[in-house]
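Notes for the one structure printed next.
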Amino acid sequence: MYYFDPHIHMVSRVTDDYETLAKMGCVGMSEPAFWAGFDRGSPEGFRDYFRQLTEFEPKRAAWYHLQHFTWICINAKEAENVSLSREVIKLIPEFLDKPGVLGIGEIGLNKNTPNESTIFMEQVELADRLDEQILIHTPHLEDKYMGTRMILDMLDDFADLDHGRVLVDHVEEHTVRHVLERGYWAGMTLYPVSKCTPERAVDMVEHYGPERLLVNSAGDWGPSKPTAVPDFILAMRRRGHSEAEIRRVVYENPLEFFSQSRNFEFRPPEVPAEADK
Ligand SMILES: [Zn+2]
């Protein structure tokens with residue numbers, strides 16, 4: 001089955017991973033800007049990272065007929081440094097019109113601090129002003145519930161924001177309802193050590209229905225599994241879901257959400273849809 005991974009950090013993965021993803025049915029991915037595992041020392045470090053995301057990764061993906069899209073921002077962890085963050089925010093607009101750039105993300109909270117909140121708000125303001133889509137990271141483990149509530153409260157300040165163009169990622173059982181109820185898209189991250197398992201993601205699809213739900217691997221430089229979306233596809237089959245139901249979550253939903261970005265020029269695979277059913 002064809003699928004799309006809506007959240008994966010390919011800069012941290014080797015080229016063999018692109019090949020494996022292509023062989024497993026992946027046709028494309030979206031890569032949010034994130035923390036590289038160390039704090040960068042200057043805005044120029046971010047400029048080079050944004051160039052890697054917009055210039056080199058799409059090429060590397062294309063070697064395996066994969067279509068690579070990306071998001072630009074200062075991430076929540078490095079947002080603790082407010083002055084550096086503001087320098088990086090000034091760089092963002094020059095990348096927003098590059099091919100394949102879907103919007104601003106993944107912004108959000110990490111430890112739910114005042115500095116993180118300040119920079120989160122400034123980036124939502126920028127996205128709102130420039131009519132960009134937004135991808136949001138919610139914190140880990142014990143910080144998740146509080147951080148998600150804080151994020152949703154802060155978004156409430158933007159009365160004109162189109163909730164259907166905002167994706168709140170890394171939801172779990174205790175946060176997904178709050179996100180969906182407000183009309184946002186929700187992303188479930190399949191991680192081997194935290195976040196969500198494929199079976200728990202299937203539970204949430206069964207409980208809430210497939211509308212505005214996405215699943216991703218969030219594969220990165222830590223313990224993670226870039227092929228986690230195929231694990232979800234298998235878990236859905238084992239629970240008796242039809243191919244059409246599975247395809248809705250792993251293929252049609254990401255395309256529906258990303259199609260709202262002016263830079264999402266996706267070329268569907270050439271095999272007729274019927275052959276994939
Ligand atoms: Zn991420």
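Just follow the structure's listing: the first ligand is 1, and inside any ligand the first atom is 1. FYI, side chains are in, hydrogens and waters are out, and symmetry mates aren't considered; it's all heavy atoms of this structure.
Within the 2.8 Å limit, His7 places at least one N, O or S atom next to the Zn ion (ligand 1). Among the backbone and side-chain atoms of His170, no N/O/S atom is found under 2.8 Å from the Zn ion (ligand 1).
Here Asp143 pairs with Lys111 under the salt bridge (charged side-chain N to carboxylate O under 4.0 Å, His left out) rule; sequence neighbours left out. Annotation: side-chain hydrogen bond (donor to acceptor under 3.5 Å, both in side chains) contacts of Asp203 (sequence neighbours excluded): Arg239.
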Worksheet item: Stepwise, does the salt bridge (Lys or Arg N to Asp or Glu O under 4.0 Å) test hold for Glu181 with Arg177?
Response: CA-CA 6 Å; Glu181 270 180 1; Arg177 181 173 60 81; 3.0 Å; yes
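Ion pairing between a basic and an acidic side chain is recognised when a charged N comes within 4.0 Å of a carboxylate O; Asp156 and Arg182 show such pairing.
Angle OE2(Glu106) to the Zn ion (ligand 1) to NE2(His9): 90° [nearest 10 degrees].
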